[in-house]
Amino acid sequence: MSKLKRLDTQEQFNDLKKGQEIVVLWKEGSDEHRRGNKVGKYKMVKVSDSNELILKVQGNVYFNITMYLNGESSAEDAGIVVPEIDIVREENECLRRALKDAQERFDLIYLNCDEIVEVCNIAGAGMKSIDDLLHSLQEKGDTGDDTTLF
């Protein structure tokens, strides 16, 4: 399985490597369209110094990238064929980032829970101390009316 990724920025064109498969939808009236190639699949040759995407040397198949990005080219649309391995790699990386994010959130929740448990234990110990003190006073028969506890 392959995927077609639209080329719509200069940076994407700059990152292209020789031999990568490019699919081009040619505008009606373009040389390629007149040759019967409304859609063509090519192995990229290079990006020239004059910012042209050279698709095929024999037959002189190319288009100017700047004109393409401005909608003024003979190429109506262009995309790079992304092989299945790259798709899987990209999906795996996305899943790794999501898992890392989930782990970080879990760790934060876990730390917060530990702090809450600690506070509850301290509060429970404090309540037990107060309860023990009150129970002790009751056993002595002291009502606590005239006793200062603290």
Extract all donor-acceptor atom pairs below 3.5 Å that involve side chains of residues 38-45 and protein atoms in other chains or at least two apart in sequence.
from	atom 1	to	atom 2	distance (Å)
Y42	OH	W26	NE1	3.0
Y42	OH	E32	OE1	3.0

Just how far is it from atom CG of L55 to atom CG of N60, taken to the nearest 0.5 Å?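 Between atom CG of L55 and atom CG of N60 there are 10.5 Å.
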Spacing of N51 atom CG and N14 atom CG [to the nearest 0.5 Å]: 7.0 Å
Answer yes or no: are there more than 12 heavy-atom neighbours, outside [X] itself, under 6.0 Å from its atom [atom1]?
X: E72; atom1: CD; value: yes
X: E104; atom1: CD; value: yes
X: R35; atom1: CZ; value: yes

If you compare all heavy atoms of [X] against all heavy atoms of [Y], which two are closest, and at what distance to 0.1 Å?
X: H33; Y: K27; result: CB-O, 3.3 Å
X: K56; Y: Q58; result: CG-O, 3.3 Å
X: T66; Y: N64; result: N-OD1, 3.0 Å
X: A78; Y: Y68; result: N-OH, 3.0 Å

Check for me, please, whether F13 and I54 land in the same ILVMFWY cluster - side-chain distances under 4.5 Å, paths through other members count. no
List for me each residue that meets ring-ring contact (aromatic ring centres under 6.0 Å, His included) alongside Y62, sequence neighbours excluded, and say none if there are none. none
Apart from L99 itself, what residues make up its hydrophobic cluster when side-chain heavy atoms of I, L, V, M, F, W and Y under 4.5 Å apart count as a link, directly or indirectly?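 When side chains under 4.5 Å apart are linked, L99 ends up in no cluster with other residues.
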How about [X] and [Y]: do any of their side-chain heavy atoms sit closer than 4.5 Å?
X: L7; Y: I22; result: yes
X: L16; Y: L53; result: yes
X: E93; Y: R96; result: yes
X: L4; Y: V82; result: no

Keeping the roles fixed (side chain from S73, backbone from A75), state whether a donor-acceptor pair exists under 3.5 Å.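 Confirmed, S73 side chain pairs with A75 backbone.
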Are any of the side-chain nitrogens in R105 or D101 under 4.0 Å away from the carboxylate oxygens of its partner? yes
